[in-house]
Structures are given as C-alpha cells and as structure tokens.
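So the structure is just underneath, and the comments pick up after that.
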Amino acid sequence: MLEAVNAAVLVAEAQVLIGEALGLPAADLDPVLYPPDPVQGSSGWFTLAVREGAVPAARLSVLLWDASTGWYYRGPADPDGVWRETGLPPESDPIDVGSWFADFLAGPMTEAEDSAEILF
C-alpha cells in the first residue's frame, strides 16, 4: 500500500527522473496523487500528465502508477478509462521507467498501441 509519508517523495522523484529521461523539465509532467482508499479497495496511485505541446504529447498523454499493479500510460487518442500496460511492476525504479518511456517514444508505433486494457 502507498504510504502517505512516502507518496509525495515518490511522485516528485518520478516527475523529475522520468522528465529527465524524456528530455522534459519536471514542469511538463503534471502530477496528481490519489491516496489509498480502503473503502474502494484502492492501494493508492498517481498520474503524471504530459503538458500539451510537449514533444512526447504526440504519443503519450498520461502516465499512471498503481501501487498494486505497476505502470500504465494513455495516448492522446485513447478515451478516458483506457490504460495501456507497460509490464513494469510497481517497484520499478523511476529511472528505469523513464528509460522504458524514452525507448517507447523513440520506437515506431506498435500494434500494442492499437490495443488497450480498460482498467478504470
């Protein structure tokens, strides 16, 4: 479960390190933290929205980290509620996550971008 004490540090670290890997200032990734909610069964998660107009915004709109299941993303054409799996577990280091997204953006569009898993 995402601990409140560590949540702000985790989000800030991810914002900076993933931003660096993508060649973006941290201000181009807008963080939103959703604390654990035992009533709804959520262990906590956060999103990093890519600022409109930033270079990665052509293929990447929002990154999502879920304390239980790991890292996901949404592309600009994806509707709300659609999240694509990265296969990265929740304990992944933000530097590795940033590298994964940098490699993803550097590569060609894939069939995976045409499919999505609906999580929310």
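Under a cut-off of 6.0 angstrom, the local environment of CD in Glu91 is crowded, with over 12 non-hydrogen atoms contributed by other residues, nucleotides or ligands.
Residue Glu13 comes nearest to Pro94 through the heavy atom pair OE1-CG, 3.6 Å, listed as atom of the first residue, atom of the second, then distance. For the pair Pro90 and Trp65, the tightest heavy-atom approach, listed with the atom from each and the gap, is O-NE1, 2.9 Å. Nearest heavy-atom pair across Gln15 and Leu29 is NE2-O, 2.6 Å. For Trp71 against Ala14, the heavy-atom pair with the smallest separation is CH2-CB, 4.3 Å.
For the pair Arg84 and Asp78, the salt-bridge criterion is met [side-chain N within less than 4.0 Å of a carboxylate O].
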For residues 96-105, tabulate all N or O donor-acceptor pairs below 3.5 Å that involve a side-chain atom, not counting sequence neighbours.
unit_1	atom_1	unit_2	atom_2	d
Ser99	OG	Ile95	O	3.1

May I have the list of side-chain donor-acceptor pairs in residues 17-27 shorter than 3.5 Å, sequence neighbours left out?
none

>> Please evaluate residues Arg74 and Asp80 with respect to the criterion side chain to side chain contact (heavy atoms under 4.5 Å, CB included), reporting the C-alpha separation (whole Å), side-chain torsions for both, the decisive distance (0.1 Å), and the verdict.
In response: CA-CA 8 Å; Arg74 180 183 300 148; Asp80 288 346; 3.5 Å; yes

> Given Leu63 and Tyr72, is the side chain to side chain contact (heavy atoms under 4.5 Å, CB included) satisfied, shown in steps?
Replying inline: CA-CA 6 Å; Leu63 289 65; Tyr72 301 84; over 6 Å; no

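In this structure, the separation between OG1 on Thr69 and CG on Leu88 is 11.5 Å, given to the nearest 0.5 Å. Between Leu64 atom CG and Tyr34 atom OH the span is 8.5 Å, to the nearest 0.5 Å.
In this structure, Val62 and Trp83 have side chains that are in contact, with non-hydrogen atoms separated by less than 4.5 Å.
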